[in-house]
Every structure is written in structure tokens, then in C-alpha cells.
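In what follows, a single structure is set out as C-alpha cells and then discussed.
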Amino acid sequence: MAKVTDVDVRSHLALGLDFDDPIVALDRAFALREWFGVAKVGHELYAAAGPSIIAQLRDIGYGVFLDAKLHDIPNTVGSAARVLARYGLAYLNFHTSGGLEMLLAGIEGAREGAAQAGVAVPKLLGVTVLTSDSDTSAFARRLDLASESGCDGVVCSALEVERVKVAHPGLITMVPGIRLAGSDNNDQARVATPFDAIRNGADVLVIVRTVHHAVDPAAAAAQVFDEVASALD
Ligand code: C5P
């Protein structure tokens, strides 16, 4: 089998930049570039920095995941997705709890926006159940909605990846709630180590506090990277 390259490993790792200051976020993005191929911009950073942060992260070499978790009436989600997709994103997401019509409108909007700007259509992901929620009763229905609407993948915990791959093998799984063994779960209810998540079949791991709250963020990033590399081997 071909050797797993650093680029392969990085493509499985999204660095969440949950900061309220774009300078701090960009600093971190520069410092940890060696270990991550995707940068995740969530509500906090997007609110602080605005859309210009997307091009700045792309210039450093990241694909950008805009964790917008859009959820509104179909027309509004379609319009927002159209605007956001123009910025050139690798991934964009919607709450599947918004329903089929909303997801369809969001996907159509994203495709239109990307075409208008001449950029690639982002991979479109449906958030199933937040990893902070221990009640996963809505998971199966939301997974089916993501598939039925034409989403490229879902956001789910490592504990549900296998169910995704069995029911809808073509869907990408973006997986938050990743912790190194022995570290604090914080507010996350459904967590796994980087190694276990990849071995379960997760495609991209979202890493936030595991790295940023570490005494030595670079060392934590390297440890996450090594676990993913060995799980892929
Ligand atoms: O620090 P931690 O690794 O728990 O961060 C998880 C990140 O993933 C946060 O940025 C959060 O907004 C995001 N997220 C999540 N659960 C989802 C979707 C996104 O925790 N279902």
C-alpha cells in the first residue's frame, strides 16, 4: 500500500479557530499549518473578522470550512448560502433540523453562488446532532434528510460514523468532539480520540480546545497528527 503522506494526513484535520480576534486566529493558523489542511471558521471568528478572514486563511494554504450552521426559512438559507459560497469555501454546513426544503434551498444557493464567483462549490454538510447533546434520538432521521437533500456529508460525532457509512457510504463525515486520551471533555458529550475516530471511518476531524487549551499547542497538534497518521497506516 502507498505510504500515507503528510498532505493526506493534513486533509483529515480541520483546525477550529474559535477566537474573537482575527490576529490571534491568523497567528495560530500560521503556527499550526504543518499539521492541518483545513481551517474552521465558526460563529465567533466570523463575527469578529467578517468574510475577509476566509481569503486570509486560504492565502496561508488552508481550505476553509465555514461552520455557519445555517438554519432559517428556506429562502433565507438559500440566499445566505449563495453569498457565502462566493467567498471560495472548502466546506459549508446547514442544520438538518431545518428540514428538507431548507436543505434543498441551501444547496441550490451554494451552487449558484459558487458558479457566479467562478469558484468550486463547497462540500455541503448537514449537522445531525450537536456533539454536546447526549440525546441522539433524532440522528437517523437527520442523517436521512442530509442524504435525501443531496448534502455531500454530515457533521456527527465519532460514535455515529459507522452508522453513516453503513446507511450512506458516500457521505463525508466531519467529526468534532475529539480529545486526546486523558484530557477534559469540556461541554462535549460524545467524544473520541483522533486514532479511534479515524479507525471508525471519520473523514475529517475538527480539533479546537484539544490544541488551543494545551500547555504546548504545537506539541498537541503534532500528537493529534501522529495519531491520525498511524490510524491511516
Ligand atoms: O473544543 P472542541 O473540540 O470541543 O470544539 C468543537 C468545535 O466543533 C466547536 O467549534 C463547535 O462549534 C464545533 N461543532 C461541534 N459540534 C457540532 C458541530 C460543530 O462541537 N455538531
Side-chain angles (χ1 to χ4, degrees), residues 12-21 24-25 28-29 32 35-36 38-49 53 57 62 64-71 89-98 103 106 122-143 145-146 151-161 163-164 171-198 200 202-215 217 220-221 223-225 227-228:
H12 292 277
L13 283 170
L15 176 66
L17 295 166
D18 289 352
F19 296 105
D20 63 5
D21 180 343
V24 174
R28 259 316 146 86
L32 301 178
W35 298 288
F36 294 90
V38 178
K40 182 179 87 77
V41 176
H43 293 298
E44 183 181 9
L45 181 58
Y46 194 75
I53 192 75
L57 289 166
Y62 286 98
V64 178
F65 167 23
L66 186 63
D67 191 10
K69 295 193 181 79
L70 295 174
H71 187 174
L89 299 169
Y91 299 93
L92 173 66
N93 60 3
F94 311 100
H95 266 296
T96 51
S97 55
L103 293 169
K123 298 275 184 235
L124 300 166
L125 309 175
V127 178
T128 54
V129 177
L130 293 175
T131 35
S132 55
D133 198 341
S134 50
D135 176 3
T136 57
S137 52
F139 180 78
R141 189 170 35 84
R142 292 182 183 167
L143 172 62
L145 268 176
C151 282
D152 299 294
V154 291
V155 184
C156 65
S157 91
L159 312 186
E160 286 91 46
V161 167
R163 287 171 68 184
V164 176
L171 290 181
I172 299 165
T173 50
M174 174 74 75
V175 176
I178 300 298
R179 293 292 181 273
L180 290 167
S183 62
D184 193 340
N185 288 357
N186 312 107
D187 55 350
Q188 298 285 26
R190 299 179 351 268
V191 299
T193 64
F195 184 89
D196 288 344
I198 293 288
N200 283 355
D203 295 299
V204 187
L205 310 185
V206 175
I207 308 292
V208 190
R209 285 168 289 188
T210 292
V211 160
H212 301 308
H213 286 193
V215 177
Q223 193 181 339
V224 168
F225 183 95
E227 277 197 30
V228 170

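Reckoned from all heavy atoms, side chains included, excluding hydrogens, waters and symmetry mates. This chain uses plain numbering: 1 for the first residue, then up along the sequence. Numbering of ligands and ligand atoms starts at 1, following listing order.
Each of Thr128, Ile172, Thr96, Asn93 was compared with Val154 under the side chain to side chain contact (heavy atoms under 4.5 Å, CB included) criterion, and only Thr128 meets it. With Val208 as the partner, the side chain to side chain contact (heavy atoms under 4.5 Å, CB included) test is satisfied by one option alone out of Asp18, Leu15, Ile178: Asp18.
A donor-acceptor contact shorter than 3.5 Å is absent between the side chain of Thr210 and the backbone of Ile207. Asp184 contributes a side-chain N or O that, together with a main-chain N or O of Asn186, makes up a donor-acceptor pair within less than 3.5 Å. Checking side-chain atoms of Asp203 against main-chain N and O of Met174 turns up no donor-acceptor pair under 3.5 Å.
Taking any N or O of Arg209, backbone or side chain, at least one lies under 3.5 Å from an N or O belonging to ligand 1. Between Thr210 and ligand 1, no pair of N/O atoms sits closer than 3.5 Å.
Annotation: side chain of Val38 is not in contact with side chain of Leu13 (no heavy-atom distance under 4.5 Å).
At a heavy-atom distance under 4.0 Å, only side-chain atoms of Asp18, from C-beta outward, approach ligand 1. When non-hydrogen atoms are compared, ligand 1 lies under 4.0 Å from the side chain of Lys40 (C-beta onward) but not from its backbone. If you look at Val155 next to ligand 1, the close heavy atoms, those under 4.0 Å, all belong to the side chain.
Classified by interplanar angle (parallel below 30°, tilted 30° to 60°, perpendicular above 60°), the ring pair Phe65/Tyr91 is perpendicular.
Distances below 4.0 Å separate heavy atoms of Asp67 from the following atoms of ligand 1: 12 (O), 13 (C), 19 (C). Listed by number with element, the atoms of ligand 1 under 4.0 Å from a non-hydrogen atom of Leu130 are 17 (C), 21 (N). Close approach to Lys69 involves these atoms of ligand 1, each under 4.0 Å from a residue heavy atom: 12 (O), 14 (N), 18 (C), 19 (C).
Shown here are the salt bridge (charged side-chain N to carboxylate O under 4.0 Å, His left out) partners of Arg179, two or more places apart in sequence or in another chain: there are none.
If you check each of Gln188, Arg190, His43, Arg179 against atom 6 (C) of ligand 1, the one with the closest non-hydrogen atom is Gln188. Comparing Val206, Asp133, Thr131, Asn186 against atom 15 (C) of ligand 1, the shortest heavy-atom distance belongs to Thr131.
Taking atom 8 (O) of ligand 1 as the reference point, the nearest protein heavy-atom neighbour is Pro176 CB, 3.5 Å. Among protein heavy atoms, the minimum distance from atom 7 (C) of ligand 1 is reached at Val208 CG2, 3.6 Å.
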